[in-house]
There are 2 protein chains.
Amino acid sequence: MLEAKLAEAGTLKKMLDAIKELVTDANFECNEEGITLQAMDNSHVALVSVLLEATGFKRYRCDRPMPLGVNLTSLTKVLKCAKDDDECTIKAADEADVLNLVYEAKSSDRIAEYDMKLMDIDSDTLGIPDTEYDARVTMPSSEFTRIVRDLSLLGESVRIEVSKEGIRFASDGEAANGSVLLRQSDAIGKVAQSKVTSLKKEDGDGEVVDVDEEDEDEEAPDGKVKKEKGVKTEAAEDDDVDMDEDEEFKANSDGEEEQDEDEGDEGSESGKKRKKSSSSNKPSKKAKTASSSKRKGKGKKADSDDEDGEPGVRIEMNAHVSLTFSLKYLVNFSKSATLCNRVQLMMSNDVPLLVSYEFGQGHIRYYLAPKIGDD
Amino acid sequence: MLEAKLAEAGTLKKMLDAIKELVTDANFECNEEGITLQAMDNSHVALVSVLLEATGFKRYRCDRPMPLGVNLTSLTKVLKCAKDDDECTIKAADEADVLNLVYEAKSSDRIAEYDMKLMDIDSDTLGIPDTEYDARVTMPSSEFTRIVRDLSLLGESVRIEVSKEGIRFASDGEAANGSVLLRQSDAIGKVAQSKVTSLKKEDGDGEVVDVDEEDEDEEAPDGKVKKEKGVKTEAAEDDDVDMDEDEEFKANSDGEEEQDEDEGDEGSESGKKRKKSSSSNKPSKKAKTASSSKRKGKGKKADSDDEDGEPGVRIEMNAHVSLTFSLKYLVNFSKSATLCNRVQLMMSNDVPLLVSYEFGQGHIRYYLAPKIGDD
DNA sequence: ACTGACCGTT
DNA sequence: AACGGTCAGT
């Protein structure tokens, strides 16, 4: 059975608000490490990956792994019945067909209890390779929100380009073209813009994740992306690609360099390896992928980019990248800004963009295949 | 003629906002004691009773009783032309077919004047018995609003149960079931939960209204509810009852248990009595009903539950009650929260619920027949 | 298709 | 607190 008590129902509310428009039904995979959710968006163009670490709960217990099939629209309604600062306990018996949610007001003279129906959902666990990217940009999430919203008024897509100059977001529209350039913030200058040893998803706040282990990592036996279901990069046509359920999500699969991605389900290809990350030469590591949690044991929950990291823009790149994405999705992703003040954009040419919001108790990550014709 | 000057047009604006969706046309009955409005909602399921005491006006004069037939949609529009803090004077000549409204800004350098057409409306004064109830719950109006809104996301109706445990609001829906329990707030503990002598509508703040005078009151010459049309309790089928225009609104007319439901028209049954109020024993009185204003001359305008009474929940009960109501109506009633910080729920099994908002210058009360099959 | 109500944002 | 936008109901 599962029993997890969250100090603030608001965390869950914001998380649902962030993804409910993208995904309507999904399995919350619960195990002793925490709760994860991975799903393709309704149109199979983007992939959403959510993690809530067990350690982020006030109390957490999950005897055995169990998937909770939830209709996010229903869960959103039920969560609307909680105040942001209510304590929220979610419980589900093994094999249960209902999820029980209890909200306790701080004042404690109000207790609300809800039982929500669960459903069976095909859980095609998606394989999300943990790869290295040619560029990582960390910026205030509000800034990212503002930029994609502004540009979405002009056009359908945006070209994101990271160069020595900084990061540029440019969109061409019928009536007008727009371009926003963010330069590295002064205080951060030294760190970024320089060749970085390895660009992996950052775990902590503004600190490059320890790449070491990764370097030595398996160099990618086949150097190929696994084939689980996922957003396929190349497939991306003019419009975003629609990935099939059974495809593998090769974040940047055969992409520029290679990263492996084993997906969870098959596990067979797990042994793959990927090799040099873009320009740099660190051999990338692999595996951990979506279950990022394990990345480095991640005991670091609270210290990440969570709420307010440093202000400003931090740019790290090993190679110039230029990719084009659908603004509609980016605008959608940017809703997660309510969860965390900083956002990380990870890019390599021809590989799906990773937009990552790391907060105290976990993260929300979005993968979006680039439109072709960008390079 | 009528001439009444209100210190704040905002009072009228909020009152209209609270009831305009429920009632589109109604008579404002003006007499020397003040202005009252009583009407069945458009679908004849609920009854609304509004009182604006003469003493609550900055200036008030009404030579003879006169009904002002008003289209509330029109009045709402006209009132939108006033700022909340404007002084508002309403005037109507005898037999006039227009209502004159003058708004004077505090600064006095702005005077706006409007004339709104009046209409003839069948004034079937509704008889609202002033009865006793088995349970009275007083709580912050925002809390009530929150609860009924939350539950309305899940289901159509709510079961309200008052027991030693507190007051529970429970609703079952397609996707989820919900239940909110409010316990008596600690500081209030002693007062409530004990056998109350009499549970009548509270007039002041948290004080049981003196029932005395009412006891002696005219026991109802005819002892009946007036014969106006009302919500008939029993009629309530699965869905709320639709009371006929000519029926009498026997809120819980005769006593909690037996409530007669004579249909108002006959008036013959007037002799009924109400008597034992629930558990207690005060003979109920009658008449005053809706014109509650007279209840005790009520000079107390400002001291009532008006804006913020004590915070928290106060529960008084003489018997366990369990009733089911349509959330749609309760959500509608809860709009009155803008007028007053506290709301009173009065209930007896199988009798219409009374939701009462008492503010400085009067009150807005709603009566809603329970759905059957509850309790 | 139009009007009204409700929710969210500024 | 007010205005605008979105969604639902008639």
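Scope of the values below: all heavy atoms of this structure, side chains included, with no hydrogens, waters or symmetry mates. Naming convention: chains lettered A, B, ... in sequence-line order (proteins, then strands); numbering from 1 in each chain.
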Tell me the interatomic distance from [X], atom [atom1], to [N], atom [atom2], rounded to whole angstroms.
X      : N     : atom1 : atom2 : answer
B:E21  : C:dA5 : CD    : P     : 5 Å
A:K77  : C:dC7 : NZ    : P     : 13 Å
B:N71  : C:dG4 : CG    : P     : 11 Å
B:L153 : D:dA8 : CG    : C1'   : 14 Å
B:K328 : C:dG4 : NZ    : P     : 17 Å
A:K20  : C:dG8 : NZ    : P     : 8 Å

Is the distance between the ring centroids of A:Y114 and A:Y103 under 6.0 Å?
yes
Salt bridge or not between B:D84 and B:K13? Use side-chain N to carboxylate O under 4.0 Å.
yes
Would you mind classifying the nucleic acid contact of B:K335 as base, sugar-phosphate or nothing, using non-hydrogen atoms under 4.0 angstrom?
sugar-phosphate
Please tell me which of B:T73 and A:K80 maps to the more 5' nucleotide of DNA chain C, matching each residue to the nucleotide holding its nearest heavy atom.
B:T73
Respond yes when some side-chain nitrogen or oxygen of B:R149 is under 4.0 Å from OP1 or OP2 of C:dC6, and no when none is.
no
Flag for B:S356-B:E358: side-chain donor and acceptor within less than 3.5 Å:
yes
Identify the residue among B:L99, B:V50, B:L72, B:T36 that makes a side-chain contact (heavy atoms from CB on, under 4.5 Å) with B:F28.
B:L72
